[in-house]
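The structure appears right after this line, and notes come after that.
Only a predicted model underlies this, so the values are computations on that prediction, with no experimental measurement involved.
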Amino acid sequence: MKSTKKRTAPHVAPYAFVTPAVVLYALVLLIPIGYTVYLSVQKSQVSGLGLGLGGRRQVFAGLSNYSSALTDAAFLSSVVRVVIYSLILVPVMLGLALLFALLIDARRVRLQRFGRLSIFLPYAVPTVIASLLWGFLYLPAVSPFPVLLSKIGLSMPNLFTTHVALLSVANIGVWGGTGFNMIVMYTALRAVPSELYEAARIDGASQLQVALRVKIPMIAPALVLTGVFSIIATLQVFNEPNTLAPLTNTISPVWMPLMKVYDEAFTNNNIYAAAATSIAIAAGIFVLSYSLLRLSNRHIFEGR
């Protein structure tokens with residue numbers, strides 16, 4: 001009997017160590033997702049005046065919540081707006097992050113530690129605080145920019161107009177996200193063997209040629225990683241426009257897809273429509289990220 005216990009104990013130990021993580025994963029992620037899917041196919045049915053214990057009850061709705069969400073003009077407009085926002089923010093943010101990473105990694109560059117810290121520091125600022133900071137800088141009544149521009153004969157434009165508000169929100173995302181992506185790219189650059197740089201310099205390559213032909217191709221996986229994560233983050237944008245909304249009339253409560261979910265759940269008190277909209281957004285982000293990863297892996301690792 002003792003020998004049997006000794007043999008079975010090593011097989012039980014791995015499951016014992018994994019069980020807390022699995023339970024936590026199920027409680028924090030799987031069960032909430034499952035409950036959201038359940039709510040997305042339900043609706044509230046009103047009987048009579050809707051008063052009393054049996055006045056409202058939850059009934060099965062099928063896919064009606066999804067069809068309503070996907071045909072809602074406000075939701076479709078927010079999807080188009082977030083796609084344009086992503087097309088503006090992601091290339092600019094990743095381009096600046098790559099430029100700063102290459103500059104800091106270059107030889108004969110002074111104050112590298114100060115440069116890394118100063119570029120990364122905005123990422124440490126909470127999004128709500130950063131949005132409030134930039135929101136007050138955008139308002140001519142409290143911003144120092146109108147006074148500074150007036151000294152050189154210029155006037156500050158309205159940064160909250162319908163066509164400029166998207167750029168104003170994107171600026172906050174670029175300011176806060178460039179530092180994190182720069183650190184990821186810089187870490188990948190530090191992992192590249194220095195012998196490759198020395199060989200390129202011996203062949204007569206300049207700093208620009210080394211960057212374009214050696215450094216950037218060697219950190220392609222890091223570029224893909226930051227690109228996919230940045231796209232996912234931009235499609236989930238919420239804090240920036242929601243914080244700026246009280247400062248202007250151009251940002252509506254349903255300006256972005258997640259703002260639409262929040263408005264349905266807490267303003268319209270329709271948790272079923274909010275659940276269906278959130279599941280539709282999550283499914284779209286999953287399909288997009290999966291497609292981008294498959295495409296990038298095929299080109300980078302398989303050479304197709």
*Report yes if the side chains of Trp134 and Leu244 come closer than 4.5 Å at any heavy-atom pair, otherwise no.*
no
_Please say yes or no: joined through hydrophobic side-chain contacts below 4.5 Å, possibly via intermediate residues, are Leu149 and Val142 part of one cluster?_
yes
*Among Tyr272, Tyr35, Tyr66, whose side chain to side chain donor-acceptor pair (under 3.5 Å) with Ser40 holds?*
Tyr66
*Identify the residue among Trp255, Tyr262, Tyr85 that makes a ring-ring contact (aromatic ring centres under 6.0 Å, His included) with Phe238.*
Tyr262
_Which label fits Phe286 and Tyr290: parallel for a plane angle under 30°, tilted from 30 to 60°, or perpendicular past 60°?_
parallel
*Go through the steps to decide whether Met182 and Met185 satisfy the test side-chain contact (heavy atoms from CB on, under 4.5 Å), and finish with yes or no.*
CA-CA 5 Å; Met182 182 271 296; Met185 297 177 188; 5.9 Å; no
*Under 4.5 Å between side-chain heavy atoms, hopping through other hydrophobics if needed: is there a path connecting Val128 to Leu121?*
no
*Minimum heavy-atom separation for Ala276 to Asn65, with atom names?*
CB-CB, 3.6 Å
_Same apolar cluster: Ile104 and Ile183, side chain cutoff 4.5 Å_ = yes
*Heavy-atom closest contact (Lys260 atom, Val254 atom, distance)*: CD-CG1, 3.7 Å
*asked:* With a sphere of 6.0 Å drawn around NZ of Lys43, does it hold more than 12 non-hydrogen atoms of other residues, nucleotides or ligands?
replied: no
_Tell me the closest heavy-atom pair linking Met218 and Val214, and the distance in Å._
CG-O, 2.9 Å
*Residues two or more places apart in sequence or in another chain: which of them pass ring-ring contact (aromatic ring centres under 6.0 Å, His included) with Tyr197?*
none
*Minimum heavy-atom distance Thr162-Thr250, with the two atoms named*: N-CG2, 4.0 Å
*For the atom pair CG (Leu132) and OG1 (Thr127), what is the distance rounded to the nearest 0.5 Å?*
11.0 Å
*same_hphob_cluster(Leu70, Val80) at 4.5 Å side-chain heavy-atom cutoff*: yes
_Tell me whether the count of non-hydrogen atoms from other residues, nucleotides or ligands lying under 6.0 Å of CZ in Phe120 goes above 12._
yes
*Nearest heavy atoms of Ile219 and Val192, plus distance in Å*: CG2-CG2, 4.3 Å
*side chain to side chain contact (heavy atoms under 4.5 Å, CB included) partner of Tyr138, chosen from Asn171, Val164, Leu133*: Asn171
*Answer yes or no: does atom CG of Asp203 have more than 12 heavy-atom neighbours from other residues, nucleotides or ligands under 6.0 Å?*
yes
*Decide whether Asn239 and Thr243 meet the rule of one side-chain donor and one side-chain acceptor closer than 3.5 Å.*
no
